Amino acid sequence: MALSQSQTKRKQVHLFYYPECEDLARKVASQSNNITLQTIKWRSFEDGFPNIYINNAQDLRGQHVAFLASFSSTGVIFEQLSVIYLLPRLFVASFTLVLPFFPTGSFERMEDEGDVATAFTLSRMLTNIPISRGGPTSLVIYDIHALQERFYFGDHVLPLFETGIPLLKKRLHQLPDADNIVVAFPDDGAWKRFHKLLDLFPMVVCTKVREGDKRIVRLKEGNPAGCHVVIVDDLVQSGGTLYECQKVLAAHGAVKVSAYVTHGVFPNRSWERFTHKNGSEKAFAYFWMTDSCPLTVKAIANKAPFEVLSLAGSIADALQI
């Protein structure tokens, strides 16, 4: 049987990954026969510096290669960059870096001379990835926190900015009360980022106002009364804003409140405040996140109200671009 034109053009991709990402990497590979998992020996010398070996490096010549990264802390970035800088130099046909969560910049405010924009620093480090035989590196990132950060990258990489919102939309349509969903945004920034992707749903927008030394969440527009309201944002850290937003929505008549974030960062196990065993049954019915932060995914496994929406299918598609 003759293959279709789209089938014959599909790339055979060799996918490497950082150990934190193994579960996601295996899910990505399971999406397509065109993706083959490859391995790296991640070791350290006695002085603590990386001792890394890429298996079957010579076999990569002329092949399409990708690396699935997780910059979950500053301590793991250097060893991954060492691999990321080498792979394109192995005479590969193309190189794609998948960094689902771009971590820097979520707290940064450039307000005073002397403030350091670490997001710009990381962007420069990724911009300097060597060019492969096939051209600049393709860089896949999901729901980058500050939209202006996309302009930090130079011409030596080709950033592909994806979103996890299609996963949320699919899940919402599966709910028994799918016809009673209202989408809420915790602030104007989240509305600007996501409202066009969710325009088929009624919307509520919250805002933060300063009262003395406190910032209070208020309802700005929309009516949540009698509805299942889903708060949508790009990431969560401590979760304080989500909690305050939930209180406001419930006070205005929401019968159920859930939350979605693409990136569940949750430093210092801050996800614990949302678990149902801590008495938050009335707070969040569902808390959806993607598997962009693998350490969080392992920590919240089988803990209500959390539910993981995997990026695996989306990443597999991105590797064919």
Side-chain angles (χ1 to χ4, degrees), residues 18 20-21 44 47-50 52 67-88 95-131 136-164 186-194 207-208 210 213-215 233-242 261-271 289-290 292-296:
Y18 193 60
E20 286 180 12
C21 305
S44 297
D47 60 2
F49 276 83
I52 306 167
F67 182 78
L68 178 59
S70 174
F71 290 179
S72 57
S73 70
T74 56
V76 301
I77 293 177
F78 176 69
E79 58 185 342
Q80 291 181 78
L81 280 177
S82 300
V83 171
I84 290 166
Y85 278 27
L86 177 60
L87 286 172
F95 179 61
T96 300
L97 172 61
V98 182
L99 181 62
F101 174 48
F102 186 85
T104 57
S106 59
F107 283 124
E108 292 181 351
R109 298 292 183 270
M110 298 298 104
E111 298 175 344
D112 298 311
E113 190 69 28
D115 286 338
V116 177
T118 59
F120 181 61
T121 304
L122 183 56
S123 299
R124 293 176 68 184
M125 294 166 71
L126 296 177
T127 293
N128 284 296
I129 297 172
I131 295 175
T137 293
S138 298
L139 173 60
V140 182
I141 297 175
Y142 285 81
D143 291 319
I144 197 166
H145 180 65
L147 295 180
Q148 68 269 21
E149 291 174 6
R150 66 179 59 207
F151 303 109
Y152 290 175
F153 297 94
D155 294 337
H156 289 172
V157 293
L158 300 175
L160 175 63
F161 297 103
E162 297 282 29
T163 178
D187 51 41
D188 287 330
W191 177 84
K192 290 176 182 178
R193 171 190 294 272
F194 293 125
T207 188
K208 297 176 185 176
R210 187 173 295 278
D213 295 332
K214 296 181 179 181
R215 297 192 70 180
D233 210 350
D234 63 315
L235 63 81
V236 59
Q237 295 270 1
S238 68
T241 298
L242 290 180
V261 296
T262 301
H263 311 296
V265 185
F266 286 126
N268 303 315
R269 296 176 64 87
S270 54
W271 53 265
M289 70 185 73
T290 76
S292 66
C293 299
L295 297 183
T296 300

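Quantities reported herein were computed from a predicted structural model and do not represent experimental measurements.
Remark: the backbone N or O of G164 is paired with a side-chain donor or acceptor of D143 at under 3.5 angstrom. Listed for the R193 side chain is a donor-acceptor partner under 3.5 Å among the backbone atoms of I144. Checked by atom type and distance alone, the side chain of T137 never pairs as donor or acceptor with a backbone atom of L139 at under 3.5 Å. Without hydrogens or angle criteria, H263 side chain to Y142 main chain gives a donor-acceptor distance under 3.5 Å. Looking only at distances, no side-chain donor or acceptor of S72 sits under 3.5 Å from a matching main-chain atom of C293. Here the side chain of E20 pairs no donor or acceptor atom with the backbone of L295 at under 3.5 angstrom.
By the neighbour-count criterion of 12 heavy atoms within 6.0 Å, atom CZ of F49 is sparsely surrounded, having that number or fewer from other residues, nucleotides or ligands.
Ring centroid separation for the pair Y152 and F102 does not come in under the 6.0 Å cut-off.
At a threshold of 4.5 Å between non-hydrogen side-chain atoms, the residues Q237 and S270 do not count as touching. Using a 4.5 Å cut-off on side-chain heavy atoms (C-beta onward), V265 and F101 make contact. Contact check for I129 versus Y85: side-chain heavy atoms found under the 4.5 Å cut-off.
Screening L97, I131, T127 for a side-chain contact (heavy atoms from CB on, under 4.5 Å) involving V157 leaves a single residue, T127.
Across all non-hydrogen atoms, the minimal contact from G264 to V236 is CA-CG1, 3.8 Å. The nearest pair of heavy atoms linking T241 to P186 is CG2-CB, 4.0 Å. The nearest pair of heavy atoms linking E79 to I52 is O-CD1, 3.5 Å. Of all the heavy atoms in Q80 and F71, the pair that sits closest is NE2-CD2, 3.8 Å. Scanning all heavy atoms of the two residues, the minimum distance from S292 to P100 falls at CB-CB, 3.7 Å. What you find for P136 and L158 is that their closest heavy atoms are CB-CG, 4.0 Å.
Listed by chain and number, the residues in a side chain to side chain donor-acceptor pair (under 3.5 Å) with T296 amount to none (sequence neighbours excluded). With sequence neighbours left out, the salt bridge (charged side-chain N to carboxylate O under 4.0 Å, His left out) criterion links D188 to K220.
In this structure, CD1 on I84 lies 11.0 Å from OH on Y18, to the nearest 0.5 angstrom. For the atom pair CG (L126) and NE2 (H156), the distance works out to 14.0 Å, reported to the nearest 0.5 Å.
Side-chain contact, T262 with D234: no donor N or O sits under 3.5 Å from an acceptor N or O.
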Is there a side chain to side chain contact (heavy atoms under 4.5 Å, CB included) between T96 and L160? Walk through the geometry before answering. CA-CA 10 Å; T96 300; L160 175 63; over 6 Å; no
